[in-house]
Amino acid sequence: MFEVIFLQFLNGLDKGSAYALIALGLTIVFGTLGVVNFAHGALFMLGCFCAVAFRRLLTLETVTIDPEKLSPWGQPLQVREPLVQAWFGDFGAILVNYSVPLSLLLTVPVMLLVGVAMERGLIKFFYKRPHAEQILVTFGLAIVIGELVKAFFGPNPHPQPMPTDLRGAADIGAWLGMRAGVITYPLWRLIYFLFAVSIIGAVFAFLQFTTFGMVVRAGMADRETVGILGIDIDRRFTIMFGIAAVVAGMAGVMYTPLLPPNYTLGMDFLVISFVVVVVGGMGSLPGAVTAGFLLGILQSFASMTQVKAIFPGIDQIIIYLVAVVILLVRPRGLMGRRGVMEA
Amino acid sequence: MTKFHMNRRGILKGAGAGLVTLATPHFFTKGAWAQDFCNNPTGGTVTFGLNLPLTGTYAEEGADELKAYELAIKHLNGEGDGGLLNVLKPSALKGNGILGKKVEFVTSDSQTLSDVARAGATRMIERDNAIMITGGSSSGEAIAVQSLCQEMGIIFMAGLTHSNDTTGKDKRRYGFRHFFNAYQSGIAIAPVIGEAYGNDRRAYHLTADYTWGWTQEESIKAATEALGWETVAAVRTPLGAGDYSQFLTPVLNSGADVLILNHYGNDMVNSLTQAVQFGMRDRQANGKQFEIVVPLFSELMAKGAGENIKGIFGTSNWHWALEDEGSQAFTKSFGAAYGSPPSQAAHTAYVQALLYADAVERAGTFYPPEVIKALEGFEFDGMGNGPTLYRAEDHQCMKSVLVVRGNENPTSQFDVLDVVQEVSRETTTYDPSIFGGELGSAEPVPQCT
């Protein structure tokens with residue numbers, strides 16, 4: 001039984017990693033700009049498609065005809081060779097193999113640009129407008145981004161292979177001194193968890209230990225006073241919006257080997273991530289991260305056969321049930337500031 | 001007050017008119033009402049309604065079906081190399097359209113969703129005057145559209161649908177299926193996996209939660225339990241779940257030594273890939289090698305799953321590498337047109353279009369009850385599945401079924417499946433009454449005027 005529980009715990013960490021990373025970005029935007037950004041899921045999805053685009057670039061092919069070989073329908077066979085491999089040989093093959101992690105190099109600048117452009121081009125006009133209007137405009141933006149991705153990449157999922165060395169499962173049971181093969185878990189999912197923890201740690205360290213972060217935190221606490229001191233807080237908040245977009249994009253890139261992305265992926269994650277933010281506490285960064293992992297683990301345990309035998313379908317609704325209870329009992333969420341979401 | 005006068009002349013006139021009416025030849029009146037049916041084509045063209053999942057979980061199959069329909073329609077109109085028109089036996093097809101009318105088509109993206117499929121079919125019948133609806137890669141879609149077609153008096157030639165219910169409890173007089181079903185998969189695959197993996201196995205099913213998944217799980221459970229296998233658990237997963245980790249984790253310590261994936265399309269590609277990531281193909285359980293079985297899969301899915309499909313058993317309706325004249329002719333036509341061999345979805349779609357056209361030619365009319373009569377009990381050959389019967393009792397084709405296996409040593413990008421065994425029509429034929437259901441009336445209800 002220990003193995004079953006431990007595996008579900010790992011599963012929960014893996015799911016929670018994605019929830020926490022998206023919720024973290026949402027909370028940064030809400031905490032700094034006071035904007036409820038329904039387009040944040042679309043940023044996650046855009047990150048996924050940065051990985052898709054990067055791989056397409058790496059796998060551009062030359063097509064030659066081999067007259068000596070025939071296809072099953074009797075025509076000369078087309079021989080396809082990736083250009084990168086033709087140019088760089090084995091090194092090119094390694095580049096293609098590691099296309100997912102390497103695409104982070106493309107994703108960071110692209111998502112930073114997208115985030116800044118989004119904030120300067122649209123979001124800034126809605127700072128002082130009611131939340132309902134912010135939700136409407138960002139939701140509309142999410143639909144526009146989704147349709148643009150659909151127009152360029154088509155409606156169907158795009159599987160992204162993980163590097164061959166990182167496929168397969170890690171024998172965690174053996175690491176813990178147990179019998180080999182008792183607890184095995186996919187290596188890439190463990191990498192995703194470690195990646196999420198690193199990104200979350202980096203964001204917290206950035207806000208906690210840099211002057212820029214200190215000013216941003218001060219601005220989050222009292223924007224007007226920071227402005228009176230002569231600091232251009234708007235510019236810093238714009239950069240924070242860009243950073244939130246980068247976090248969402250990187251989360252998306254590393255998720256592509258686990259779930260082939262399509263243009264609707266952002267919406268699928270957005271709803272759960274908002275629930276995570278509400279449960280964690282609107283505007284609370286530690287709350288978003290804690291709630292992300294907690295809800296991931298809870299959802300994973302709810303999907304155990306033994307649990308579903310008692311409560312059929314509980315795995316599909318558990319997150320929303322928790323949100324309802326939290327909103328009834330503690331509307332400001334687990335770690336939210338007093339007064340936020342409270343009458 | 002008007003008086004009623006009866007005289008000899010009046011009686012004679014009345015009696016004469018009555019006799020003429022009674023004496024009018026029956027075929028004359030029959031022809032008159034027979035032409036009054038839904039979307040009776042009056043011009044020089046006739047329209048097929050192609051209802052296909054071009055997006056969603058089964059989009060790959062939908063795209064391949066569309067190619068096949070376009071090819072079939074070209075061949076029916078006398079264009080291209082004629083494809084299977086040249087090898088269908090018996091055949092009334094002339095390569096000049098259907099009854100001299102040029103075949104055209106309209107399409108609708110069903111999104112792999114039953115309600116969207118039904119709405120699309122309604123639109124194609126009511127707005128585009130489709131004489132026949134065909135397509136679909138999901139049994140949920142097929143059953144929903146088949147039921148609609150029965151109500152509207154339009155023939156439905158199902159594409160890829162594998163649920164027992166399509167020609168079982170939900171069968172309809174206006175619906176016809178060329179593709180095989182889950183029950184036949186069970187009959188075909190059980191002896192093969194029994195021989196490969198032994199009769200002392202413990203199976204864990206992950207099942208797509210809709211009609212196809214349910215009936216496949218039921219059929220494969222019955223077939224494997226008859227071998228002596230034990231079913232440890234059967235867990236339902238939502239269609240299009242994407243991430244199967246929460247369903248795969250419990251398998252690892254369940255005591256099972258075989259995982260049976262009742263998933264299709266992208267769902268199967270995702271669940272199989274993730275099962276391999278969880279190390280299931282490298283595991284030992286109960287002192288045996290852990291195995292994965294996918295009772296229904298296609299070459300499109302095999303390509304999507306890549307390395308992970310190697311060595312995995314399943315069943316298929318057809319394979320392009322079969323050496324009979326029909327299979328070779330179709331592979332040649334399709335490959336020349338699109339640069340890749342056809343999938344089983346493409347094959348069944350193409351064959352259905354031709355069989356409908358042939359039935360209309362033999363009936364000499366588009367009037368659906370006559371076309372239904374022409375299809376019911378029709379025995380044919382040359383389409384790649386050996387001698388085939390469109391069984392009258394349930395509108396299910398009776399033909400051979402293939403047991404396939406992911407190719408361990410592919411020689412080309414297309415060489416992803418091996419045909420392990422061709423299970424004969426006699427073996428896969430079953431009593432149509434076991435699934436119940438009623439075909440219903442052949443007389444159309446004029447609802448689409």
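Model, not experiment: these values are computed from the prediction. So that the names make sense, note that chain A is the first sequence line, chain B the second, and so on, each numbered from 1.
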Side chain to side chain contact (heavy atoms under 4.5 Å, CB included) against B:Ala63, all qualifying residues, sequence neighbours excluded = none
Using only distance, no hydrogens or angles, which N or O donor-acceptor pairs sit under 3.5 Å between chain B and chain A?
residue, atom, partner, partner atom, Å
B:Asp243, OD1, A:Arg189, NH2, 3.1
B:Asp243, OD2, A:Tyr255, OH, 3.4
B:Ser245, O, A:Asn11, ND2, 3.0
B:Ser245, OG, A:Asn11, OD1, 3.4
B:Ser245, OG, A:Arg189, NH1, 3.4
B:Thr249, OG1, A:Asn11, ND2, 2.5
B:Gln274, NE2, A:Leu258, O, 3.1
B:Arg283, NH1, A:Gly181, O, 3.3
B:Gly335, O, A:Trp73, NE1, 3.3

query = So which part of B:Phe334 gets closer than 4.5 Å to some heavy atom of chain A, the side chain, the backbone, both or neither?
reply = neither
Engaged part of A:Leu258 at the chain B interface, taking heavy atoms whose separation is under 4.5 Å = both
note = Among B:Gly242, B:Pro341, B:Ala59, the residue with the most heavy-atom pairs under 4.5 Å to chain A is B:Pro341
message = Applying side chain to side chain contact (heavy atoms under 4.5 Å, CB included), can you list everything that pairs with A:Ala323, at least two apart in sequence or on another chain?
response = A:Val275, A:Val279
key: Under 4.5 Å from any heavy atom of chain A - which part of B:Leu248   = neither
query = Of the backbone (N, CA, C, O) and the side chain (C-beta and beyond), which part of B:Ala233 lies under 4.5 Å from a heavy atom of chain A, both, or neither?
reply = neither
query = Checking heavy atoms, do the side chain of A:Pro161, its backbone, both or neither come under 4.5 Å from chain B?
reply = neither
message = Please rank B:Ala336, B:Pro238, B:Gly56 by heavy-atom pairs under 4.5 Å with chain A and give me the top one.
response = B:Ala336
Residues forming a ring-ring contact (aromatic ring centres under 6.0 Å, His included) with A:Phe274, sequence neighbours excluded = A:Phe38
request  = Identify which part of B:Phe278 has an atom lying under 4.5 Å from any heavy atom of chain A, answering side chain, backbone, both or neither.
outcome  = both
